[in-house]
Participant: 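Dumping the structure here so I can ask a few things about it.
For clarity, every value in this text was computed on a predicted model and none was experimentally measured.
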Amino acid sequence: MVQAEPRQSKERNRNYILRRQEAGLVQGTPTSRLIIGKREIDVYRNGLMFEGDHVVGVSRRK
């Protein structure tokens, strides 16, 4: 009998905001979200822009 392993990647993807806060990269929730095609980019008060767990840029606008 074969049994599939539970999928962990989806569960991991849901906690981006919490992982950023725990790592000390940002405080609080994103101030805005840019949706460009299928990309979802979170922008924080300190100007950092994240897509998932990755920094994709820094905004100079405040």
Side-chain angles (χ1 to χ4, degrees):
M1 187 164 117
V2 177
Q3 187 173 9
E5 293 286 325
R7 293 180 69 180
Q8 295 178 357
S9 62
K10 241 184 185 179
E11 185 64 32
R12 180 171 167 76
N13 289 339
R14 294 182 184 167
N15 295 316
Y16 289 134
I17 294 172
L18 293 177
R19 283 197 302 272
R20 294 175 199 150
Q21 291 172 352
E22 290 172 355
L25 299 172
V26 295
Q27 292 181 346
T29 57
T31 55
S32 64
R33 174 171 279 180
L34 302 173
I35 299 176
I36 304 169
K38 292 184 178 182
R39 297 178 71 180
E40 294 183 1
I41 300 172
D42 295 328
V43 182
Y44 286 85
R45 286 189 182 153
N46 63 0
L48 287 175
M49 301 169 71
F50 287 88
E51 181 179 12
D53 281 334
H54 306 284
V55 176
V56 294
V58 178
S59 173
R60 291 185 174 200
R61 291 179 20 197
K62 289 192 177 190

Participant: So which heavy atom on L48 is nearest to which on L25, and how close?
Facilitator: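 Here L48 and L25 meet closest at CD1-O, 3.8 Å.
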
Participant: CD1 of I36 to CD1 of I41: how many Å apart, nearest 0.5 Å?
Facilitator: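 Going from the CD1 atom of I36 to the CD1 atom of I41 covers 4.5 Å.
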
Participant: Hey, are the side chains of Y16 and D42 touching, using non-hydrogen atoms and a 4.5 Å cut-off?
Facilitator: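 Y16 vs D42: side chains apart.
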
Participant: So which of E40, E51, M49 actually passes side chain to side chain contact (heavy atoms under 4.5 Å, CB included) with L34?
Facilitator: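 Going through E40, E51, M49 one by one, the side chain to side chain contact (heavy atoms under 4.5 Å, CB included) with L34 is satisfied by M49 alone.
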
Participant: Do V43 and V58 share a hydrophobic cluster (ILVMFWY, side-chain heavy atoms under 4.5 Å, transitive)?
Facilitator: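 No; V58 is not reachable from V43 via cluster members.
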
Participant: Same hydrophobic cluster for V56 and Y44, using side-chain heavy-atom links shorter than 4.5 Å among ILVMFWY?
Facilitator: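 Looking at the clustering, Y44 is in a separate group from V56.
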
Participant: Keeping the roles fixed (side chain from R20, backbone from G52), state whether a donor-acceptor pair exists under 3.5 Å.
Facilitator: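 Yes: the side chain of R20 pairs with the backbone of G52.
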
